[in-house]
Amino acid sequence: MGRDGYAGTGVGEFTPDGCSIELYQRLRPGAEPGIIAAHTPAGGTILELGCGAGRVTHALADLGFAVTAVDESAEMLAVVRGARTVRSSIEDLDLGETFDVVLLGSCLVHVPDPERARGLLAACVRHAGPGGVVLIQREGADWHDDVPRTSSRGDLEVTVVSSTEVRPGVRSVHVEYAYPDAGWSQTFLSRPLTKAAFEELLGENGLGVEAYLTPDETWVRASVMHP
Ligand SMILES: C[S@@+](CC[C@H](N)C(=O)[O-])C[C@H]1O[C@@H](n2cnc3c(N)ncnc32)[C@H](O)[C@@H]1O
């Protein structure tokens with residue numbers, strides 16, 4: 001059963017937020033493993049929140065990191081290898097341990113409900129510990145303006161078809177993924193955050209931005225502030 005405002009189309013099973021398990025098994029990692037590796041001590045521990053089918057997990061495990069991969073979808077976790085898997089909502093996760101790096105990718109910080117965003121960030125703080133490192137992926141500056149747009153990754157074409165305001169501050173985004181032999185789509189909700197709003201949200205939740213790691217400022221290194 002999908003969450004309100006979230007849906008997916010195409011063959012196979014879908015997560016509550018509309019991600020296709022089959023699609024995410026096909027998608028290849030981009031620059032993410034390299035960015036994460038550059039901020040994790042060799043052989044260090046990584047907590048990956050919302051790991052999906054292990055697109056990034058597998059590359060990190062292959063690089064020698066000890067990854068704990070968390071997702072609410074049992075179907076996603078069933079295809080993750082080389083990592084400890086934990087089925088849980090991110091908000092409720094409380095493993096009672098800390099990690100060298102906590103990873104909140106896939107722009108999950110843009111969930112529409114600010115209370116849920118706070119829950120996600122609290123889970124990051126809980127598992128990073130004082131001074132701990134949290135790597136967060138956020139949307140780029142023109143993410144919702146430059147629409148429709150299509151990009152190619154090998155034999156995959158990704159089209160952000162539309163981004164429509166559905167209530168103040170919340171947009172419904174529709175994305176299509178086309179391979180020569182199959183296609184999927186996902187509709188999801190996003191709360192755009194300016195850089196200032198993003199930094200304020202982190203600050204309210206005990207996280208300080210240390211650095212923007214990519215020229216488009218979509219990958220951010222934050223650390224847990226001491227009270
Ligand atoms: C867009 S997919 C991305 C997966 C992976 N991070 C990647 O980049 O390939 C998002 C994943 O996060 C999971 N997810 C989203 N919100 C979640 C939450 N609140 N708690 C646990 N899992 C969540 C979904 O089930 C899905 O597998």
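One-based numbering, in listed order, for ligands and for the atoms of each. Everything quoted here is computed from the prediction, not taken from an experiment.
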- Message: Would Arg84 and Thr68 count as a side chain to side chain donor-acceptor pair (under 3.5 Å) here? Give the steps.
- Response: CA-CA 5 Å; Arg84 166 192 177 197; Thr68 296; 3.3 Å; yes
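- Proximity of Ile90 to ligand 1, defined as any heavy-atom pair under 4.0 Å, is shared by backbone and side chain alike.
- Taking a 4.0 Å cut-off on heavy atoms, Gly105 fails to register as neighbouring ligand 1.
- The protein atom (non-hydrogen) at minimum distance from atom 3 (C) of ligand 1 is Ser106 OG, 3.1 Å.
- For ligand 1, the atoms lying closer than 4.0 Å to a non-hydrogen atom of Met76 are 27 (O).
- Residues Arg26 and Asp181 are paired through a salt bridge, judged by an N-O separation under 4.0 Å between the basic side chain and the carboxylate.
- For ligand 1, the polar-atom distance check against Glu91 finds a nitrogen or oxygen pair separated by under 3.5 Å.
- Short contacts between ligand 1 and Cys51, defined as distances under 4.0 Å to a heavy atom of the residue, involve ligand atoms 4 (C), 5 (C).
- In terms of protein heavy atoms, atom 13 (C) of ligand 1 is closest to Asp71 OD2, 3.3 Å.
- The protein heavy-atom contact nearest to atom 1 (C) of ligand 1 is Tyr24 OH, 3.2 Å.
- Around atom 12 (O) of ligand 1, the closest heavy atom drawn from Ser89, Gly50, Gly18 belongs to Gly50.
- Atom 15 (C) of ligand 1 has its closest protein heavy atom at Asp17 OD2, 3.1 Å.
- Judged purely by distance below 3.5 Å, without hydrogens or angles, the side chains of Ser172 and Thr164 never pair a donor atom with an acceptor atom.
- Taking the charged nitrogens against the carboxylate oxygens, Arg118 and Glu91 have no contact shorter than 4.0 Å, which rules out a salt bridge.
- At a 4.0 Å cut-off, at least one heavy atom of Arg116 sits close enough to ligand 1 to count as contact.
- Among all heavy-atom pairs drawn from Asp62 and Arg81, the shortest one is OD1-NH1, 4.0 Å.
- Taking only non-hydrogen atoms, the option from Glu48, Arg87, Arg55, Glu32 nearest to atom 7 (C) of ligand 1 is Arg55.
- Between the side chains of Glu210 and Ser223, a donor-acceptor pair is found at a separation under 3.5 Å.
- Judged by the shortest distance from any of its heavy atoms, Ser88 lies inside the 4.0 Å radius around the atoms of ligand 1.
- Counting heavy atoms closer than 4.0 Å to ligand 1, residue Glu72 contributes atoms from both its backbone and its side chain.
- Taking the six-membered ring where the residue is Trp, Tyr179 and Trp184 present perpendicular rings, their angle passing 60° and hence far from 30°.
- Although no hydrogens or angles enter the test, the distance criterion places no donor-acceptor pair under 3.5 Å between the side chain of Asn205 and the main chain of Leu207.
- Neither the backbone nor the side chain of Ala53 has a heavy atom within less than 4.0 Å of ligand 1.
- Using modelled atom types and a 3.5 Å distance limit, the side chains of Glu48 and Thr57 yield a donor-acceptor pair.
- Near Gly52, the atoms of ligand 1 lying under 4.0 angstrom from a non-hydrogen atom of the residue are 4 (C), 27 (O).
- When every heavy atom of Leu121 is checked against every heavy atom of Val109, the shortest pair comes out as CD2-CG2, 4.3 Å.
- Checking side-chain atoms of Glu165 against main-chain N and O of Gly169 turns up a donor-acceptor pair under 3.5 Å.
- Nearest protein heavy-atom contact of atom 2 (S) of ligand 1 is Cys19 SG, 3.3 Å.
- Looking at ligand 1, you won't find any N or O of Ser73 less than 3.5 Å from one of its N or O atoms.
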